[in-house]
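For reference, the structure is listed below as structure tokens.
The analysis underlying the following values was restricted to heavy atoms, covering all of them including side chains, and did not include hydrogens, waters or symmetry mates. In each ligand, atom 1 is the first atom listed, and ligand 1 is the first ligand listed.
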Amino acid sequence: MSSAFVRRPVLVTGHRGYLGSVMAPLLVERGYDVVGLDVGYFDDCSIAADPLPIPSIDKDIRDLVPADLRAFYAVIHLAALSNDPIGNLDETWTEEINHRSSVRLAELAREADVRRFLFSSSCIMYGQSSAEIVDETSPLDPRTLYARSKVKSEETIRDLASDGFSPTFLRNGTVYGLSPRMRFDTVLNDLTGAALANQRVVVYGDGKPWRPVVHVRDVAAAFCRVLEAPLSLVHNEAFNTGADHLNHRVIELAEIAADLVPGCDLEVRGEPGADQRTYRASFEKFARAFPDFEFRWEAASGAAQLIEDYRRIGLDAGLYGDRRFVRLRWLNHLLESGRLDGSLRWEAGAAGGERQPEGKG
Ligand SMILES: NC(=O)c1ccc[n+]([C@@H]2O[C@H](COP(=O)([O-])OP(=O)(O)OC[C@H]3O[C@@H](n4cnc5c(N)ncnc54)[C@H](O)[C@@H]3O)[C@@H](O)[C@H]2O)c1
């Protein structure tokens with residue numbers, strides 16, 4: 001990294017989630033002065049220790065004030081209700097947290113002269129595309145509240161771009177790989193977890209839908225790469241974040257997972273009501289913009305690494321089936337146990353986990 005970037009202050013929202021707890025330490029390693037901002041929904045959901053303490057603003061993104069944004073060079077915005085099923089809990093939460101708060105964060109960042117704004121978006125916004133392969137110019141077909149929240153956020157934040165404010169939209173594929181704040185509700189984490197913990201991989205549909213899968217450490221590195229790119233390359237641009245060879249049919253991923261564990265069964269149920277979301281993404285634009293960037297993990301090598309990581313942390317059926325690692329189940333638990341109230345806010349004294357010292361902001 002060039003010395004021009006050393007110790008630049010970066011705010012990472014959602015830094016205590018699956019992606020953030022890998023990305024924030026990587027940014028520190030690369031010389032950034034990282035401050036996180038997170039409400040801590042998953043603070044009790046660690047599967048492994050955090051590699052580094054990250055100074056943190058413990059705050060709901062719905063409660064931002066201008067002072068939270070002062071003095072940052074860049075914002076990396078990960079905080080969100082992070083998948084489709086959570087949108088079904090209560091429509092207003094996904095709208096408020098994922099859409100309105102993202103826009104307000106971008107507005108405050110722009111007012112505070114934050115130079116760059118990296119928005120963690122998703123290829124899911126292409127929906128069940130009829131196009132053979134979707135690229136950044138393809139029509140969007142968001143089928144869920146979650147996907148719509150990403151589309152609406154991108155659209156509104158795009159209008160905020162100016163000479164002094166450069167948003168970039170990183171449309172990730174489905175992320176996998178070990179993170180301290182693990183999720184088993186993403187496809188390859190789930191399939192490999194089932195293979196090792198249950199010696200049984202079940203595909204509920206016919207396995208034909210396509211998914212681009214990208215390793216969490218590659219996603220973290222790709223965000224760093226975009227953060228360091230010349231502004232002319234990334235100003236107000238959307239990028240599918242991944243590589244063409246990372247598009248797989250679900251059945252291929254299931255076979256990869258099952259083959260890694262001796263004696264593992266693979267069952268394809270072909271249930272008609274199963275998840276048929278499908279999209280095959282083109283990652284050409286990313287490759288053209290960053291020809292030197294390498295996605296280091298392929299599905300097969302990444303899954304093999306993941307199985308190794310699972311063995312190291314002692315993954316068994318209990319841990320794999322634990323509600324702490326399925327976002328919807330954990331949020332439901334916090335709601336049912338009265339720790340979160342009906343607007344998804346902590347009841348007094350109910351927040352979990354170990355808090356790091358307050359950072360700037
Ligand atoms: N994991 C994937 O496969 C994937 C794929 C595409 C896009 N994304 C996007 O990347 C981002 C990170 O995903 P993830 O997998 O790390 O999700 P995650 O659920 O593990 O982490 C999200 C983090 O945001 C925080 N958060 C949620 N609501 C908040 C609020 N109101 N105020 C403050 N903090 C709040 C949570 O506490 C959590 O730490 C999300 O925007 C997600 O939509 C993820």
Atom 32 (N) of ligand 1 - nearest protein heavy atom and its distance: Ile61 N, 2.7 Å

Ser121 N/O to ligand 1 N/O under 3.5 Å: no

Closest non-hydrogen atom pair, Ser120 against Lys150: O-NZ, 2.9 Å

Part of Arg181 within contact of ligand 1 (heavy atoms, under 4.0 Å): neither

Option whose closest heavy atom lies nearest to atom 13 (O) of ligand 1, chosen from Ser101, Ser82, Ser102, Gly36: Ser82

Atom 28 (N) of ligand 1 - nearest protein heavy atom and its distance: Tyr41 CE1, 3.3 Å

Validation row, ring centre Tyr32 to ring centre Phe72 under 6.0 Å: no

Geometric N/O contact Arg183 with ligand 1, under 3.5 angstrom: yes

Distance-only N or O hit between ligand 1 and Gly17, under 3.5 Å: yes

Parallel, tilted or perpendicular: ring planes of Tyr176 versus His215, cut at 30 and 60 degrees: perpendicular

For atom 31 (N) of ligand 1, closest protein heavy-atom neighbour: Asp60 OD1, 2.9 Å

Region of Lys59 engaging ligand 1 - heavy atom pairs below 4.0 Å: backbone

Parallel, tilted or perpendicular: rings of Phe293 and Phe286 (30°, 60°): perpendicular

Arg100/Glu95 ion pair, N-O < 4.0 Å: yes

Shortest protein heavy-atom distance from atom 36 (C) of ligand 1, along with the residue and atom involved: Asp38 OD1, 3.5 Å

For Arg16, the ligand 1 atoms whose distance to one of its heavy atoms is below 4.0 Å: 39 (O)

Salt bridge Asp185-Arg329, side-chain N to carboxylate O under 4.0 Å: no

Closest to atom 12 (C) of ligand 1 among Leu188, Asp63, Leu78 (heavy-atom distance): Leu78

Heavy atom of the protein closest to atom 9 (C) of ligand 1 (residue, atom name, distance): Ser120 OG, 3.4 Å

Residues His99 and Ser149: side-chain donor-acceptor under 3.5 angstrom: no

Geometric N/O contact Lys150 with ligand 1, under 3.5 angstrom: yes

Shortest protein contact, atom 23 (C) of ligand 1 (heavy atom only): Gly14 CA, 3.7 Å

Residue pair His77 / Ser102, side-chain donor-acceptor N/O under 3.5 Å: yes

Contact with ligand 1 for Gly173, non-hydrogen, under 4.0 angstrom: yes

Whether over 12 other heavy atoms sit under 6.0 Å from Glu284 CD: no

Nitrogen or oxygen atoms of Ser122 and ligand 1 under 3.5 Å apart: no

For ligand 1, the portion of Ile97 having any non-hydrogen atom under 4.0 Å away: side chain

Ligand 1 to Leu19 polar contact by distance, N or O atoms, under 3.5 Å: yes

Heteroatom proximity flag, Thr186 to ligand 1, N/O under 3.5 Å: no

Asp63 CG: over 12 foreign heavy atoms closer than 6.0 Å: yes

Phe42-Tyr18 aromatic ring centre distance below 6.0 Å: no

For atom 20 (O) of ligand 1, the protein heavy atom that lies nearest, with its residue and separation: Tyr18 N, 2.8 Å

Polar atom proximity, Thr174 to ligand 1 (N or O, under 3.5 Å): no

Donor + acceptor pair across side chains of Arg16, Ser56 (<3.5 Å): yes

Nearest neighbour in protein (non-hydrogen) for atom 35 (C) of ligand 1: Val39 CG1, 3.6 Å

Parallel, tilted or perpendicular: ring planes of Phe184 versus Tyr320, cut at 30 and 60 degrees: perpendicular

N or O pair under 3.5 Å between Leu81 and ligand 1: no

Residues Asp68 and Lys59 bridged, charged N to O under 4.0 Å: yes

Distance-only donor-acceptor check, side chains Asp159 and Thr156, under 3.5 Å: no

Atom indices of ligand 1, in the order listed, that fall short of 4.0 Å to a heavy atom of Gly40: 37 (O)

Close N or O approach (Val175, ligand 1; < 3.5 Å): yes

Cation-pi geometry met for Arg158 and Phe169 (6.0 Å, 45°): yes

Tyr146 heavy atom under 4.0 Å from ligand 1: yes

Nearest option to atom 27 (C) of ligand 1, as decided by whichever heavy atom of Ala80, Ser179, Ala79, Ser149 sits closest: Ala80

